[in-house]
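For reference, the structure is listed below as structure tokens.
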Amino acid sequence: MTNLKNLRGMVDLLPAQSESWQKVESIARTHFSRAGLKEIRTPIIEKTELFSRGIGEGTDVVGKEMYSFDDRGGRSCTLRPEGTASVARSIIQHGLLNKGPQRLWYEGPMFRYERPQAGRQRQFHQIGVEFVGLASVISDAEAISIAWDFLKDIGLKDLTLELNSLGSNEDRFVFKEELKEWLEKRFDLLDEDSQKRIKVNPLRILDSKNNDTKKLLHDAPSLNDFLSKESKTRFDYLQNLLDDLNIPYKINYKLVRGLDYYSHTAFEITSDHLGSQATVCGGGRYDNLISELGGQKTPSIGWAIGMERLLILASDSILTSRSPDVYVIHRGLESEKLALNIARQLRSINFSIELDYSGSSFSKQFKRADKSGADWAIVIGENEVLKGQLKMKRLRNIGNKDGSKEYIFSTGELDKLIAKLNT
RNA sequence: GCGGGUGUCGCCAAGUGGUUAAGGCAGCGGCUUGUGGUGCCGCCAUCCGGGGGUUCGAAUCCCCUCACUCGCCCCA
């Protein structure tokens, strides 16, 4: 087993966890379908160009985190590092906007070549929502509220919604020049990373984690002061709507986010229980992405939640795994046939049944039955077969009304056994 | 790409130069030739991430390497 191990940062999802994932996914689906969203599934590999153009050449994701390779035809391909660009591409390609605005969700693996650490893997999973072709502030509020309510429903506590407005392209352009000038005057005081960023992406210096730079930035021009009247009104109205929905938020003027396509609304939902990678959900408005990729100008907003991070935070009720309803114990050839048959019949009416395969002693089988967590054991041995009977035993005391632990049914009256199971 | 930490059975874990590598959990078998959750007994690493070296002798010291992990950057 020395060579054949998983690639770094690629994680197996083992049976012990898959049930929790399914629960989360099922809750997500409920939320999405209530909100009238439709699912979209796109390939996990795209032309490299889609991401470099869509996400932005200057971003970390494109600059150093993409899983890119040439296929046998010499085309440069990339494992998707995020979902939005693919969704945008698909919408343009299939002319979906001719049918009106698209309200979509997606789920699946994403790939980023980074050093793995807590809450970060190279293959990770996002579940995301995109409202494409919607410009109104209500759509921002709606998108945010879907994320917020979903996370709350999963049982996450101590979440913070951080909110900012990046303004329009024009706002940002003016601000960027101003900021650049301000920073250049203080070039020597900046940390190395930030010095490099001045030319490429000065906005990103704003959320530098370097303490000295942070201090310095206290007096830097704020993007907020450069927002046009329209942008400001927009931002104010969004806050207004969130207030109405009783969704608490914290304005964070330094929140810029690492993908180029955002404008106006940008937000993150964070938790202090995640260690260093605090963001569980991130998103924003991307009014220029679709046109950037060759479509019509199409205002849009979306977000993505990291499944792995979500599951780190999920409540115990999501994480506990389900036991079978009934454990079937049997010994002997005839019993085996009957056991298989009974299991099948009970399964057909939606009971979950675990059948013992060991052929070991009853005592052993009972121990296993107990460990399985099942409430009931059905015991089928030679005596039972001879008498045409089934013995059913209660393994746990929950809801034991009549005080009895053992029940005997004839094989002909399975309905009585089922009635007992339902008590 | 750059820092810090760790690497002994499926999981947890003792052992820090002296040769049979504790223990617990899980697993398997038995006590109990048909009845559970307790208890008791037995089995379960010729090997200590890998490769070199030092030594009479190493899991324990040195070197290299790999993997995992936490953090930086950035993000989900």
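A note on names: the letters A, B, ... follow the listed sequences, proteins ahead of strands, and every chain is numbered from 1. In this text, all values refer to a predicted model and were calculated from it rather than measured experimentally.
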Indicate whether OP1 or OP2 belonging to A76(B) is found under 4.0 Å from a side-chain N or O atom of Gln277(A). no
State which of G34(B), C74(B), C72(B) makes the closest approach to the side chain of Arg115(A). C72(B)
Would you mind classifying the nucleic acid contact of Ala304(A) as base, sugar-phosphate or nothing, using non-hydrogen atoms under 4.0 angstrom? sugar-phosphate
Out of G37(B), U35(B), C74(B), whichever nucleotide has its closest atom nearest the side chain of Asp370(A): G37(B)
Would one find a side-chain N or O of Arg368(A) under 4.0 angstrom from OP1 or OP2 of C28(B)? yes
May I ask you to verify whether the side chain of Gln121(A) and the base of A76(B) hold a donor-acceptor pair under 3.5 Å? no
G36(B), OP1 or OP2 - any side-chain N/O from Gln365(A) closer than 4.0 Å? no
Using Watson-Crick geometry (N1-N3 plus N6-O4 or O6-N4) or G-U wobble (N1-O2, O6-N3), each under 3.5 Å, G1(B) is paired with C72(B)
Under 4.0 Å between a side-chain N/O of Arg8(A) and OP1 or OP2 of C68(B), yes or no? yes
Base, sugar-phosphate alone, or nothing: which one does Gly282(A) contact when heavy atoms must sit under 4.0 Å apart? sugar-phosphate
Just by modelled atom types, is the Lys254(A) backbone N or O under 3.5 Å from a matching donor or acceptor in the Asn252(A) side chain? yes
What is the nucleic acid contact for Glu382(A), judged by heavy atoms within less than 4.0 Å: base, sugar-phosphate only, or nothing? base
Nearest to the side chain of Ala118(A) - G34(B), G29(B), G71(B)? G71(B)
According to a strict under-4.0 Å criterion, is Arg257(A) in side-chain N/O contact with OP1 or OP2 of A76(B)? yes
Salt-bridged, Asp188(A) to Lys185(A), with N to O below 4.0 Å? no
Identified side-chain contact (heavy atoms from CB on, under 4.5 Å) counterpart of Ile269(A) within the set Thr279(A), Thr160(A), Leu163(A), Val280(A): Val280(A)
Between Glu382(A) and Arg331(A), does at least one N-O distance fall below 4.0 Å, as a salt bridge requires? no
Comparing nearest nucleotides in RNA chain B, the 5'-proximal residue of the pair Lys393(A), Gln117(A) is Lys393(A)
Scan residues 123-134 of chain A against RNA chain B and write down, sorted by residue number, each residue with any heavy atom closer than 4.0 Å; if none is found, say none. Phe124(A), Gln126(A)
Paired with G10(B) by Watson-Crick or G-U wobble geometry, both distances under 3.5 Å: which nucleotide is it? C25(B)
Between G34(B) (C1') and Ile378(A) (CD1): distance, integer Å: 17 Å
So, is Lys371(A) near the phosphate of G27(B), with a side-chain N or O under 4.0 Å from OP1 or OP2? yes
With Glu46(A), which of Arg53(A), Arg80(A), Arg89(A) fulfils salt bridge (Lys or Arg N to Asp or Glu O under 4.0 Å)? Arg89(A)
